Amino acid sequence: MEDKMMFQPKYSIILANVGMCADRYMSGGYSSPYSIDEMFARVASVDGVSGVELVSDWNITAKNVEQIRKNLDEYNLKLVSVIPDHFGEMKWGKGAFTSKDSSIRKQAVEDTRELMDITAELGGNLISLWPGQDGYDYYFQGDYIREHEWFAQGVAECCDYRKDVNISIEYKIKEPRNFSYPSTMAVILLMLGKLGRENSGVTIDYGHAHVAGENVAESVALAKEYGNKLLHVHMNDNYGFWDDDMIAGSIHTIPFIEFFYWLKKTGYSGYISTDQYPYREDGRDAVNETVRWMDIFVELVNRIDDKKMEEIFKTGNACEVSAMLRNLMFGEQFCRKGGAE
C-alpha cells in the first residue's frame with residue numbers, strides 16, 4: 001500500500017505575542033510587562049512549538065545577542081526570523097524603504113543588513129520584512145512608480161548583502177497607512193519577478209491577505225506557481241474588516257482547512273508562526289489556542305483523500321465539496337445518505 005504524504009508543519013511564536021500588548025486607547029498596556037527571559041519561558045511552555053520570531057529593538061538588538069543566544073539554547077528554540085522594526089519609531093513615520101528622505105531609505109537598508117548579520121550569528125536565515133509605514137494616505141501623495149522602485153531597490157540591496165539570509169516580504173493592504181506598499185500577493189510577486197533575487201520571497205499573514213479580499217489558499221497557490229516564493233506564514237484571524245490579530249480558528253474554519261490543504265499540496269516546508277496581539281487575553285494562552293487549532297487543521301487535511309479531492313477538482317461539484325467537508329469535520333453520523341456523498 002502506498003504511503004500517504006503527511007503534512008507536519010513546524011510552529012513558532014512571535015516573542016512579543018506572549019508579552020504585554022498596548023493600543024492607542026490603552027497606551028500603557030492591558031497587562032503587566034514581561035522580561036525577555038520570561039517571554040522565552042512562556043513561548044517554550046506551548047507544546048509543539050520549536051521556534052521563535054523576534055522584533056528588532058523590542059526583543060533583539062546588537063547589544064543583547066548573548067542573552068538571546070542563551071535563551072535559544074536553554075529552551076532548544078530555533079530563531080525562525082527577525083522582523084525589523086521599521087514601523088514603531090518616529091523616524092519611520094513617513095516610510096522606511098519608500099521614505100521621501102534618501103537618508104532614511106539608506107538607514108532602513110543598513111539596519112536590515114545589520115539584522116541579517118545578527119540573524120545568521122544566531123543560527124537563523126530569514127528576515128521577515130513588514131514595511132508597515134511604507135505607503136500613502138491621500139490621493140496624489142505618492143509617486144507610485146518611483147516609490148515602488150525605491151522599495152525594490154532597497155530589498156535588492158539587502159538580498160545582495162548576503163545570500164545565506166532570505167528576505168521575506170509581508171504584504172498588507174492597509175494599516176497603519178491607508179494604502180500600503182506592497183499591498184497584495186499579486187503586487188509582491190510582480191516585484192519579486194522583476195527583482196530576480198533567489199533569496200527573496202513572501203510572508204503570508206492570513207489576516208492581511210483576508211482583509212485584502214484574497215482567498216488565502218489561492219494566494220499560496222500563486223506563490224508556488226510564480227517562483228515558489230512562499231518563505232514564511234503568520235497565523236491569526238479576523239472578521240475581514242481590520243487586522244484584528246485574533247486566535248486562529250476562532251472565526252474561520254473551512255477557509256483555514258483549504259489554506260492548510262494548499263500548504264500541504266504545494267509542499268510548504270517552512271515555519272508557521274503565530275502573529276497575534278491578544279490585548280485582553282493572556283498572551284501565552286491565546287497563542288496556545290492558535291497552535292491547538294493548527295493541530296486540528298493539520299489533522300483534517302491529512303485525512304483528506306487526495307484521489308477523491310482530485311476527482312472533485314475535475315468536476316468542481318460544490319455539492320460534493322460540501323459533503324466531503326461535512327464528513328471530514330463531523331463524521332459520517334452527521335452526513336445523511338442520498339446526497340452528494
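Owing to the predicted nature of the structure, the values given are computational and were not obtained by experimental measurement.
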Are [X] and [Y] close enough that a side-chain donor and a side-chain acceptor fall under 3.5 Å?
X: Ser168; Y: Asn166; value: no
X: Asp23; Y: Tyr30; value: yes
X: Tyr11; Y: Asp295; value: yes
X: Asn302; Y: Gln8; value: no
X: Asp37; Y: Asn71; value: yes
X: Asn236; Y: Tyr277; value: no
X: Thr203; Y: Ser128; value: yes

ask   = Pick from Phe259, Phe260, Trp262: which one makes a ring pair (Phe, Tyr, Trp, His ring centres under 6.0 Å) with Phe297?
value =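 Only one of Phe259, Phe260, Trp262 forms a ring pair (Phe, Tyr, Trp, His ring centres under 6.0 Å) with Phe297, namely Phe260.
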So which atom in [X] and which in [Y] form the shortest heavy-atom distance, rounded to 0.1 Å?
X: Thr61; Y: Val65; answer: O-CG2, 3.5 Å
X: Leu189; Y: Leu222; answer: CD1-O, 3.7 Å
X: Leu129; Y: Pro84; answer: CD1-CG, 4.0 Å
X: Tyr239; Y: Asp244; answer: N-OD2, 3.3 Å
X: Ala16; Y: Trp58; answer: CB-CE3, 3.7 Å
X: Trp92; Y: Gln133; answer: O-CB, 3.0 Å

query = So, the side chain of Asn17 versus the backbone of Gln276: is there a donor-acceptor pair under 3.5 Å, distance only?
reply =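 Present.
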message = As a quick check of understanding, evaluate side-chain contact (heavy atoms from CB on, under 4.5 Å) for Thr274 and Val49, giving each step before the final call.
response = CA-CA 10 Å; Thr274 69; Val49 170; over 6 Å; no
Heavy-atom distance under 4.5 Å between the side chains of [X] and [Y], does that happen here?
X: Phe97; Y: Gln153; result: no
X: Tyr271; Y: His232; result: yes
X: Arg292; Y: Val46; result: yes
X: Pro182; Y: Met191; result: no
X: Leu72; Y: Phe40; result: yes
X: Asn215; Y: Pro255; result: no
X: Leu300; Y: Ile304; result: no
X: Thr112; Y: Ile167; result: yes

Answer with yes or no whether the hydrophobic clustering places [X] together with [Y]; edges join I, L, V, M, F, W, Y residues whose side-chain heavy atoms lie under 4.5 Å apart.
X: Val220; Y: Phe7; result: yes
X: Leu230; Y: Leu195; result: yes
X: Val80; Y: Leu122; result: no
X: Ile272; Y: Val202; result: yes
X: Met324; Y: Phe330; result: yes

ask   = Step by step, would you call Ser103 with Asp101 a side chain to side chain donor-acceptor pair (under 3.5 Å)?
value = CA-CA 5 Å; Ser103 68; Asp101 185 337; 2.6 Å; yes
Does the distance from a Lys or Arg side-chain N to an Asp or Glu carboxylate O, for [X] and [Y], drop under 4.0 Å?
X: Asp282; Y: Arg42; value: yes
X: Arg69; Y: Glu121; value: yes
X: Glu310; Y: Lys307; value: no
X: Asp160; Y: Arg197; value: yes
X: Asp117; Y: Arg162; value: yes
X: Lys314; Y: Glu311; value: yes

key: His208 and His234 aromatic centres sub-6.0 Å   =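 That pair fails the under 6.0 Å test.
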